[in-house]
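Every chain is numbered from 1, with letters handed out A, B, ... down the list of sequences. Atom set for the values below is all heavy atoms of this structure, side chains included, hydrogens, waters and symmetry mates excluded.
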Amino acid sequence: AQSVSQHNHHVILSEAASLELGCNYSYGGTVNLFWYVQYPGQHLQLLLKYFSGDPLVKGIKGFEAEFIKSKFSFNLRKPSVQWSDTAEYFCAVITGGGADGLTFGKGTHLIIQP
Amino acid sequence: DAGVIQSPRHEVTEMGQEVTLRCKPISGHNSLFWYRQTMMRGLELLIYFNNNVPIDDSGMPEDRFSAKMPNASFSTLKIQPSEPRDSAVYFCASSSRWGNNEQFFGPGTRLTVL
């Protein structure tokens, strides 16, 4: 079965700092990759997704992620974070045809200090 | 579109009681997913349906949990009898095969079993 690892459980940054959250998955076949964000007290929202094509994908709110197949990685980046980016971030994967449930990482709690 | 609708948003019950969580997927979506979020285990897939048919229920913790989808616009997740360790946030999500299978999440039901 596939699994997803997020390396950082808690990250604290100052505003305007650059962000990179690590995500690795274990599955040798075709994958669809996602980053979801959960703001305090809210439900999951999709930040960005990768299905095929350009491995560098851009999402909402200035986020981007790069799919590196050889490293089984899909790291999330943002050049300059804002206080409003404080949230829980989840990396997730669907394998094969994409009609299955998501396998999530444990999440990274990001705190941005003003 | 109103998005995925879940009810109730909060449920507090006593151990041993039956709990029923409800979900209305986005109109036209043919896949529905139930997830559970806890501090210890993160986000876990419980069960999912394609075209109202349960496809994979391997994530359902035990026989106390059951899920149904009597039609394309309604699903229930039932816990009978409930236990304190069932306390969690339960999310419902839906997707369409025509939308690259992106899953849209509901606001969740926060269940507390005393």
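- Contact of Met40(B) with chain A is made through the backbone alone, with heavy-atom distances under 4.5 Å.
- Heavy atoms closer than 4.5 Å to chain B are found nowhere in Gln6(A), neither backbone nor side chain.
- Between the side chain of Ser75(B) and the backbone N or O of Cys23(B) there is no donor-acceptor pair closer than 3.5 Å.
- Nearest heavy atoms, Val19(B) versus Thr13(B): CG2-CG2, 3.6 Å.
- The backbone N or O of Thr20(B) sits nowhere less than 3.5 Å from a side-chain atom of Thr76(B) that would complete a donor-acceptor pair.
- Residue Leu44(A) touches chain B through both its backbone and its side chain, counting heavy-atom pairs closer than 4.5 Å.
- Neither the backbone nor the side chain of Glu44(B) comes within contact range of chain A, judged by heavy atoms closer than 4.5 Å.
- Tyr48(B) and Phe33(B) have their aromatic ring centers within a separation under 6.0 angstrom.
- The main-chain N or O of Leu102(A) is found under 3.5 Å from a side-chain atom of Tyr35(B) such that the two form a donor-acceptor pair.
- At a 4.5 Å heavy-atom cutoff, Ile55(B) makes no contact with chain A through either its backbone or its side chain.
- Counting heavy-atom pairs closer than 4.5 Å to chain A, the top residue among Pro107(B), Gly59(B), Gly42(B) is Pro107(B).
- Panel note: side chain Ser14(A), backbone Ala17(A); no donor-acceptor pair is recorded below 3.5 Å.
- Using a 4.5 Å cut-off between heavy atoms, Arg110(B) makes no contact with chain A at all.
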